[in-house]
Amino acid sequence: MKILVTGGLGFIGSHTVVELQNEGFEVVVVDNLSNSSLDVLDGIEAITHKRPIFEEFDLREKPKVESFFQKYQDVAGVIHFAASKAVGESVEKPLLYYENNLGVLVYILQELKKKQRANFIFSSSCTVYGQADQMPITEESPVKPAESPYGNTKQVGEEIIKDSCKVNPQLKAIALRYFNPIGAHASGKIGELPIGVPQNLVPFITQTGMGLREQLSVFGDDYPTEDGTCIRDYIHVVDLAKAHVAALQRLLKDKNEANYEVFNLGTGKGSSVLEVIRSFERVSGQKLNYKIVDRRPGDVVQAYADTTKANKVLGWKAISTLDEAMESAWEWEKNVRSR
Ligand code: UD1
């Protein structure tokens, strides 16, 4: 069965391609290489002994999206990762984010509308909850006004899909709200490769560990948490990838209860920035150079998932610990730098 994975050479996309191929799906990757590289195809092939079909183009080019669906009429499901994801950049370039994250989504849904039956999985984010009033965060927690154009694209993206599902009963969709994906494949052949200075905590830590960055800045230690630093739910990317396969299977097997559903994907456990640093120090056997600086504007104090719905309904559970995820991230960082 053929599955389209947009952004399939990116961090979460590539790990999901591996899990799909492991489950026997035939994968077609579309990627414009804006934040990824062709080497990832080799990594996927080395792990699974299968090279996915690859189409390199930019999904903002609507005619190319149309031709793609003409060429691959037998696509049974779409997992849509392709999007921009840097919060700060989205404030600087809002229209780029709206075009890339929402324009493209509309083009794909327009193509799916033409099909007899369509199954669609959307990469969403816990950012839609903003600073939730209660922890852990369930799917019923209210969606708060977005703090950035990036966050807004995830909220509006979900609305666009929900509205489409209302009028197109043949379209079935699941939005997956990720908490903080980290780590890398156990093989060390694929992982996270940020271009330029990493914005996210874990790649910044591993690059500092390698000496590529001098020092990690910890953004604030005066939050109302036990050690004063922010709390997040760090989930191993391979666990996250497996949840996509579970969500897809749910749609393919007609097990969904509504034609639009949302699930939180996290571990259910919150870790502070200092706990992540300690975990890195344990698994790497080295001290990390860091200093406490001012808070980063827009950061929420804490965000961790109630995973009951995903556990029960998708029959999926994150199994890796923070140390296991950090160890895989560290192994990957060492591999990349020795290439
Ligand atoms: C946020 C969003 C997430 C979104 C992601 C996109 C929330 C709760 N999460 O992730 O949904 O997909 O942006 O990038 O809104 N930190 C440091 N020093 C650093 C980097 C980070 O101390 O150099 C701290 C941050 O303050 C934060 C934690 O590490 O407390 C995690 O930060 P990051 O990896 O950037 O992810 P989020 O901001 O949680």
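Because the structure is predicted, anything quoted here is derived from the model rather than measured. One-based numbering, in listed order, for ligands and for the atoms of each.
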Q: Supply the atom-to-atom distance E261 CD to E139 CD, rounded to the nearest 0.5 angstrom.
A: 10.5 Å
(Q) Any donor-acceptor pair under 3.5 Å linking the side-chain atoms of E61 with those of Y107? (A) no
Q) Would the number of heavy atoms belonging to other residues, nucleotides or ligands and lying under 6.0 Å from NZ of K162 be above 12? A) no
Q) Using 4.0 Å as the upper bound for N to carboxylate O, is an ion pair formed by D323 and R278? A) no
Q: Write down, by chain and number, every protein residue that brings a non-hydrogen atom to less than 4.0 Å from an atom of ligand 1.
A: K85, V87, S125, C126, T127, Y150, N180, Q199, N200, L201, L216, S217, V218, F219, C230, R232, Y234, V273, R296, D299, V300, A303
Q) Passes salt bridge (charged side-chain N to carboxylate O under 4.0 Å, His left out), K172 versus D254? Steps please. A) CA-CA 9 Å; K172 298 193 296 175; D254 277 322; 2.6 Å; yes
Q: Assess the pair Y178 and H244: is the distance between their ring centroids shorter than 6.0 Å?
A: yes
